[in-house]
Engineer: 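Sending over a structure as C-alpha cells; questions will come in a sec.
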Amino acid sequence: TDPEIGPGGDYALFAGRLSKGKGLSVLLEAWASDPNLPTLKIAGDGELACLAREAAAQDPRIEWLGWTETDDLLRLMGGAACLVTPSMWYEGWPLVAIEAMGQGTPVVATNHGAFPEMIVDGVSGALVPRGDAVALAEGVRTLLADPGALPDIRRATWELFHARFTREINYRQLRGIYADALATAHA
C-alpha cells in the first residue's frame with residue numbers, strides 16, 4: 001500500500017549502508033562541528049559501523065541503531081524531523097529518500113545524482129554540496145529552524161511524493177517508456 005504521512009519528530013535520521021560512498025564521515029563531521037543540531041539516529045550497518053559506534057559513545061546526541069528491520073525503519077522515517085543522505089556516490093534512484101518522502105519526511109541530501117530530480121530545495125528538503133559538512137549542518141539547521149513550519153513542509157513533501165512517485169505513477173511512466181521504445185523499434 002502507499003504510505004501515509006507520518007507524525008514527524010525531533011530527530012534527524014540516517015538510514016543506509018555504513019560505507020565510504022554513503023557519506024557517513026561527512027555526516028559525523030557535521031554533527032561534531034555543530035552542537036545545535038538535533039539528535040541523530042543512524043540505522044544501518046557496514047564496514048564503517050565502528051565510526052558510528054565511536055560517535056555514539058562520544059556524543060549523546062548520536063544514537064547508532066545498527067541494522068534495522070524494514071517495519072522499524074519505516075516507523076523511524078515517519079517519526080523523523082528529516083532524513084539526511086550525504087551520499088558521496090551518484091545515487092541512481094535512492095529508495096531511502098523516496099520511502100521517507102512517502103511519509104512526509106523531508107530529505108537533506110547532496111546536490112548530485114538523482115537527488116535534485118527528487119527533492120525540491122526549500123520545499124521538500126534541502127540540497128547541499130557533496131562532501132561539505134558545514135553546508136550539511138546548515139541544511140539541517142535551516143530546514144528545522146522553524147518548528148511551526150515543519151507540518152507544512154511535511155505536507156508539501158508528502159504531496160510531492162503523491163504527485164510524482166507513487167506505484168501507479170511509476171507504472172504509467174514505465175508503460176510510456178516501453179510504448180516509446182516499441183514505437184521507435186517499429187518505425
Side-chain angles (χ1 to χ4, degrees), residues 3 6 8-34 37-119 121 124-141 143-144 157 160-161 164-165 167 170:
D10 60 355
Y11 60 88
L13 175 67
F14 172 91
R17 262 189 329 264
L18 303 183
S19 61
K20 189 181 254 183
K22 294 295 186 178
L24 180 64
S25 296
V26 175
L27 177 73
L28 296 176
E29 182 182 339
W31 254 257
S33 71
D34 191 333
L37 291 176
T39 296
L40 171 65
K41 295 186 181 196
I42 300 173
D45 207 350
E47 70 244 24
L48 298 181
C50 59
L51 295 179
R53 187 174 23 258
E54 289 169 13
Q58 294 174 5
D59 187 337
R61 297 173 303 151
I62 298 175
E63 182 181 351
W64 178 51
L65 306 172
W67 188 85
T68 307
E69 294 284 345
T70 301
D71 290 343
D72 294 332
L73 183 58
L74 291 173
R75 275 191 290 282
L76 284 166
M77 284 179 184
C82 67
L83 178 79
V84 186
T85 55
S87 186
M88 301 298 286
W89 291 340
Y90 283 87
E91 301 282 353
W93 197 249
L95 185 58
V96 67
I98 295 294
E99 289 171 334
M101 292 173 69
Q103 296 189 55
T105 303
V107 180
V108 178
T110 49
N111 191 12
H112 68 104
F115 291 121
E117 295 177 43
M118 300 166 70
I119 300 160
D121 192 32
S124 61
L127 296 169
V128 300
R130 177 177 60 166
D132 189 335
V134 173
L136 183 65
E138 178 66 23
V140 172
R141 225 181 17 263
L143 182 66
L144 305 181
T157 302
L160 178 67
F161 169 85
R164 297 175 59 196
F165 303 123
R167 184 178 314 183
N170 279 278

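Note that these values count all heavy atoms, side chains included, but never hydrogens, waters or copies made by symmetry.
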Engineer: Is the closest side-chain heavy-atom distance between K41 and L76 below 4.5 Å?
Structural biologist: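 With C-beta onward as the side chain, the pair touches.
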Engineer: Once side chain to side chain donor-acceptor pair (under 3.5 Å) is applied, what residue pairs with a partner in residues 58-73 remain, sequence neighbours excluded?
Structural biologist: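 Residue pairs passing side chain to side chain donor-acceptor pair (under 3.5 Å), neighbours aside: D59-R61, D72-R75.
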Engineer: If we ignore hydrogens and angles and just use 3.5 Å, is the side chain of R130 paired with the main-chain N or O of M88 as donor and acceptor?
Structural biologist: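 Indeed, once roles are kept as given, a pair shorter than 3.5 Å links the two residues.
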Engineer: For A80, enumerate each residue passing the side-chain contact (heavy atoms from CB on, under 4.5 Å) test, keeping only those at least two apart in sequence or located in another chain.
Structural biologist: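 Expected list: Y11, L13, T105.
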Engineer: Side-chain contact, heavy-atom cut-off 4.5 Å: L28 with I62?
Structural biologist: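 Contact flag for L28/I62 side chains = yes.
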Engineer: Going by side chain to side chain donor-acceptor pair (under 3.5 Å), name the residues that satisfy it together with T85, two or more places apart in sequence or in a different chain.
Structural biologist: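 None.
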Engineer: Only counting residues at least two apart or in another chain, list the ones meeting salt bridge (charged side-chain N to carboxylate O under 4.0 Å, His left out) with R164.
Structural biologist: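 None.
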Engineer: Does P38 offer a backbone N or O that forms a donor-acceptor pair with the side chain of W31 under 3.5 Å?
Structural biologist: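 Side chain of W31 to backbone of P38, a donor-acceptor pair under 3.5 Å: yes, one is there.
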Engineer: Can you name the residues that form a ring-ring contact (aromatic ring centres under 6.0 Å, His included) with F165, not counting sequence neighbours?
Structural biologist: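 Partners of F165 by the ring-ring contact (aromatic ring centres under 6.0 Å, His included) criterion, ordered by chain and then number, come out as W93.
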Engineer: Name all residues meeting the side-chain contact (heavy atoms from CB on, under 4.5 Å) criterion together with E54; count only those two or more places apart in sequence or in a different chain, and write none if there are none.
Structural biologist: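 So E54 forms a side-chain contact (heavy atoms from CB on, under 4.5 Å) with C50, L51.
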Engineer: Within the 4.5 Å heavy-atom criterion, are L83 and V96 side-chain neighbours or not?
Structural biologist: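 Counting from C-beta outward, L83 and V96 do come under 4.5 Å.
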Engineer: Does a side-chain heavy-atom distance below 4.5 Å link L127 with P116?
Structural biologist: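 Touching, per the 4.5 Å side-chain cut-off.
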Engineer: I'd like to check the side-chain contact (heavy atoms from CB on, under 4.5 Å) partners of A137; sequence neighbours left out, ordered by chain and number.
Structural biologist: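 Expected list: A30, D34, L37, R141.
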Engineer: Of all residues at least two apart in sequence or in a different chain, which pass the side-chain contact (heavy atoms from CB on, under 4.5 Å) check with E91?
Structural biologist: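 Partners of E91 by the side-chain contact (heavy atoms from CB on, under 4.5 Å) criterion, ordered by chain and then number, come out as K22, S87, W89, P94, F115.
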